[in-house]
*Asks:* 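My structure is below; once you've seen it, I'll send some questions.
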Protein chains: 2
Amino acid sequence: MKQNIYDTKTFFTKYSQMNRSVKGLEGGGEWKTLEKMLPDFKGKRLLDLGCGFGWHCQYAIEHGAKSVVGVDISEKMLAVAKEKTSKEIQYICKPIEDTEFTDHSFDVVISSLTFHYLVSFDDIVKKIYSWLKDDGEFLFSTEHPVFTAYGTQDWYRDSKGNILHFPVDNYFAEGKREAYFLGEKVIKYHKTLTTYLNTLLQNSFEITGIVEPQPSKEMLETVKGMKDELRRPMMLIISARKKIEK
Amino acid sequence: MKQNIYDTKTFFTKYSQMNRSVKGLEGGGEWKTLEKMLPDFKGKRLLDLGCGFGWHCQYAIEHGAKSVVGVDISEKMLAVAKEKTSKEIQYICKPIEDTEFTDHSFDVVISSLTFHYLVSFDDIVKKIYSWLKDDGEFLFSTEHPVFTAYGTQDWYRDSKGNILHFPVDNYFAEGKREAYFLGEKVIKYHKTLTTYLNTLLQNSFEITGIVEPQPSKEMLETVKGMKDELRRPMMLIISARKKIEK
């Protein structure tokens, strides 16, 4: 069975209290960067993989999307999404890996901080390619390979608990890692940068943007510990376009 | 003045004894990966930035290049190159940053492990764009941002000297780092992955390949310490194509 930590009670409660849950998109340190990389949504058909509370779906509707489909494994997340976001959005409760569409007519596919939960990036990229129209756009954020390689996703500290640096190890050994997120054990799958980028290229996507987001100036000044986010990259945001087969 | 460590006697002597100097291309752990990413050289005009002993220039000539120009800051390196490689190759002794060409007719520009010595990646990318023909190809290797971020370029070890992991810090603070290479102090300039890739995209290059090279199976079995190279990425190889302005 695919991991569904978001439906366990303690994790869901804690996740619901995070800045990115309470404040919505503005609560995510990477949002300002991601927003600049979003395509124009006007009149577009959008698919959001791992939509969670539906913040990105709602943003797309508010920015003129013609239709929006959100997929997520978590019933609890989608229950909140259905309550809080536009009735125009169609939510599907399913593991991303099991999702299928028969019509291949999406203009845009987005995914926020979800792909590090998937074993195979190649499988989902092939599907997304088939679901997109020619010239369709694909934008996703994922945890950075630097952040996922070691496993614990925590700083290396001295005996007093002060941060020394961020550790990297086993970089080329892709696969399962056990990390603690909000005090709960979570399984993630480390992939190298080579895997993320070359998988796109090999599946006929043109890469149109790659950014390792940094917190905004305002966040650096107001959120405790945010300055440490300048010490190592935590996320990667990549935009790509489906190339027309020649 | 631009750093020219390769012309200092002790460094040059030690560098000349390295595997990649004695064995040529085959001595570099990344060569097998780089070779697969090289464009077809037949009938092409090639420029090699930071050509050193001229191994890549020679390879291009042997694979049918019509003309080859190699640029390097080091007189000592070029003296060896001129002695050991084809007389058809034109060598220019100059800092890359000061290099200019009036004719913009190169088919291919390559650069091996040189750009981490340059302050600005944007400056050289703009030049390369202007030197390439439409659809011209650009391939380079550089030290990986994971490898350059912390500064010392050394493993983090326990008190007995055993490797614990590789440290990453100050990732988003681009610029000068002091490392020791072959026992000599060398200045390098850390750049993020975002800088390497987005600079290409913003200067109208299409990214065609990105690989973090791993040592070959043979090297893993025969070269001491090579297995540790699977623990962190040391290099990045990127290929790109000059897009025709629409």
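For the numbers below, each heavy atom of this structure counts, side chains included, while hydrogens, waters and symmetry mates do not. In what follows, chains are A, B, ... by sequence order, proteins preceding strands, each numbered from 1.
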*Asks:* Tell me, for Val168(B) versus chain A, whether the close heavy atoms (under 4.5 Å) come from the side chain, the backbone, both or neither.
*Replies:* both

*Asks:* Give, as side chain, backbone, both or neither, the part of Leu201(A) having an atom under 4.5 angstrom from any heavy atom of chain B.
*Replies:* side chain

*Asks:* Tell me, yes or no, whether the heavy-atom count around Phe181(A) atom CZ, taken from other residues, nucleotides or ligands under 6.0 Å, exceeds 12.
*Replies:* yes

*Asks:* Once rounded to the nearest 0.5 Å, what's the spacing between atom CD1 of Ile207(B) and atom CZ of Phe205(A)?
*Replies:* 15.5 Å

*Asks:* In terms of heavy-atom proximity below 4.5 Å to chain A, should Glu229(B) be classed as side chain, backbone, both, or neither?
*Replies:* backbone

*Asks:* Most heavy-atom pairs under 4.5 angstrom with chain A, which of Glu206(B), Gln202(B), Gln214(B), Glu212(B)?
*Replies:* Glu212(B)

*Asks:* What part of Tyr156(B) gets within 4.5 angstrom of chain A, counting heavy atoms only: side chain, backbone, both, or neither?
*Replies:* side chain

*Asks:* What part of Leu164(A) lies closer than 4.5 angstrom to a heavy atom of chain B: side chain, backbone, both or neither?
*Replies:* both

*Asks:* Do other residues, nucleotides or ligands put more than 12 heavy atoms under 6.0 Å from Glu35(B) CD?
*Replies:* yes

*Asks:* If you count heavy-atom pairs under 4.5 Å between each of Leu193(A), Asp228(A), Leu200(A) and chain B, which one has the most?
*Replies:* Leu193(A)

*Asks:* Which one, Thr208(A), Leu197(A), Asn198(A), leads in non-hydrogen pairs under 4.5 Å with chain B?
*Replies:* Asn198(A)

*Asks:* Taking everything shown except Glu97(A) itself, do over 12 heavy atoms lie less than 6.0 Å from its CD?
*Replies:* yes

*Asks:* Using 0.5 Å steps for rounding, measure from the CG atom of Leu230(B) to the CG atom of Asp169(A).
*Replies:* 10.5 Å

*Asks:* To the nearest 0.5 Å, what is the distance between CZ (Phe166(B)) and NE2 (His165(A))?
*Replies:* 10.0 Å

*Asks:* When heavy-atom pairs shorter than 4.5 Å are enumerated against chain A, which of Ala149(B), Pro167(B), Ala173(B) gives the highest number?
*Replies:* Pro167(B)

*Asks:* As an exercise, state the distance from CZ of Phe172(B) to CZ of Arg232(A), rounded to the nearest 0.5 Å.
*Replies:* 9.0 Å

